[in-house]
Amino acid sequence: MPDVSESKHLPPDDDMTNMADMTEVYSSYKSALFSLAYRMLGSVSDAEDIVQEAFLNLNQVSLHSIHHVKSYLWKVTTNLSIDFLRSARKRREVYVGSWLPEPIIKGKGADPAEQVIANEELSIAFLHLLENLNPVERAVFLLREVYSYSYDEIAQLIGKSPDNSRKIQSRAKQKVGDLSPKAGGDRSKKEKTVRDFMEVVQSNNIEKLLSILSDDFTIYSDGGGKAKANLRPIFGIKRAVAFFKGVYSKIPSNLIVMEADVNGQPGMIMKADDQIFYVLAFQFDNDKLSALYNIVNPEKLKHLKKLK
DNA sequence: GGGTCAGTAGCTTTACTCAG
DNA sequence: CTGAGTAAAGCTACTGACCC
């Protein structure tokens with residue numbers, strides 16, 4: 001039986017059972033566990049809750065009775081995330097409009113665990129794509145594609161056979177297509193495209209807008225029923241241009257448009273009175289934009305208040 | 001890694017019963 | 001007779017095992 005603790009995705013576990021106390025365990029593993037939970041849930045606050053719960057779980061058993069603290073925490077976090085997603089899925093069935101992940105913005109004041117995500121280029125587009133997978137598929141897909149676990153290790157973590165894990169992964173890949181987990185591509189080109197887009201937004205230059213959007217450009221907006229946002233995705237460049245024309249006339253004059261690092265990718269934020277009202281993330285297709293993810297739901301932006 | 005197939009769970013539709 | 005409630009049947013999607 002393989003031991004998941006031998007995997008290379010967490011800090012070394014040489015003799016964790018002798019760790020002085022929980023504080024040391026917490027500081028060693030918090031970021032990696034948060035990273036996994038955020039990938040699973042697409043929510044900063046829920047990922048934090050899951051990590052807290054995993055450590056609470058650990059607290060309830062003696063540290064010395066666990067052979068490998070690292071694999072124990074990894075397993076608990078995976079399974080807590082699966083359980084959470086199962087119940088969250090029911091809630092999302094009645095979610096108003098499109099559901100998008102909570103964005104993580106690089107900046108002073110952000111939580112160190114969130115900064116890990118920001119540095120991992122975990123794009124909103126990728127997290128949005130993962131929404132097509134059921135909780136178990138999502139866990140298997142991430143463990144395999146992102147963390148390079150073997151099927152034997154995955155089977156141990158999720159309590160299924162290696163054969164079955166491989167099949168789950170195969171089905172998951174079919175569902176999400178061949179989109180790479182990491183966004184990749186030329187960052188400077190992406191930054192330029194976003195700057196061009198910002199200019200268009202501020203100048204209402206429709207001709208330039210057409211030159212930076214791909215034909216299948218799609219706009220997803222998440223207002224969560226708490227902020228004004230289109231309830232259904234807007235497909236196609238023509239509809240998107242019509243949408244932007246409509247929006248342009250309604251942009252408040254005090255709204256400041258700024259470049260931002262959204263989940264490790266070039267993006268935009270719009271703020272007024274030092275408060276972020278819009279976070280815009282993009283999907284890139286070479287030097288064009290193929291999708292815009294507009295996160296307006298105040299619940300999903302409240303963790304950005306501490307940013308400077 | 002992926003195709004196939006049997007088993008299973010869950011959802012929808014239909015038929016039936018019973019009270020008002 | 002009608003409408004509400006419930007059980008049974010049918011269908012569909014998902015899951016897991018086996019095989020190439």
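Every value quoted in this text rests on a predicted model; they were computed, and no experiment measured them. Values below: all heavy atoms of this structure, side chains included; hydrogens, waters and symmetry mates excluded. Chain identifiers are assigned alphabetically (A, B, ...) following the order of the sequence lines, protein sequences preceding nucleic acid strands; residue numbering begins at 1 within each chain.
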Can we say A:Lys208 and A:Glu199 salt-bridge, meaning some charged N sits less than 4.0 Å from an Asp/Glu carboxylate O?
yes
Side chains of A:Asp152 and A:Ser150 only: does a donor on one sit below 3.5 Å from an acceptor on the other?
no
Walk along DNA chain B from 5' to 3' and tell me the first and last nucleotide with an atom closer than 4.0 Å to a non-hydrogen atom of chain A.
B:dG1 to B:dT4
With salt bridge (Lys or Arg N to Asp or Glu O under 4.0 Å) as the criterion, how do A:Lys226 and A:Glu299 come out once you've worked through the C-alpha distance, each side chain's angles and the decisive distance to 0.1 Å?
CA-CA 8 Å; A:Lys226 295 176 175 104; A:Glu299 289 293 314; 5.0 Å; no
Can you say whether the rings of A:Phe126 and A:Phe141 are parallel (under 30°), tilted (30 to 60°) or perpendicular (over 60°)?
tilted
Does C:dA13 have its OP1 or OP2 closer than 4.0 Å to a side-chain nitrogen or oxygen of A:Asn134?
no
Please check if the side chain of A:Asn134 supplies one atom and the backbone of A:Glu137 the other of a donor-acceptor pair under 3.5 Å.
yes
Centres of the A:Phe197 and A:Phe282 rings: under 6.0 Å?
yes
Rounded distance in Å - NZ (A:Lys160) to C1' (C:dC14):
11 Å
Enumerate the protein-to-nucleotides 17-20 of chain C contacts in which both atoms are nitrogen or oxygen and the separation is below 3.5 Å.
residue: C:dA17; atom: OP2; partner: A:Ser161; partner atom: OG; Å: 2.9

Salt bridge A:Arg187-A:Asp261, side-chain N to carboxylate O under 4.0 Å
yes
Is any NZ, NE, NH1 or NH2 atom of the basic residue among A:Lys167 and A:Asp163 found under 4.0 Å from an Asp or Glu carboxylate oxygen of the other?
no
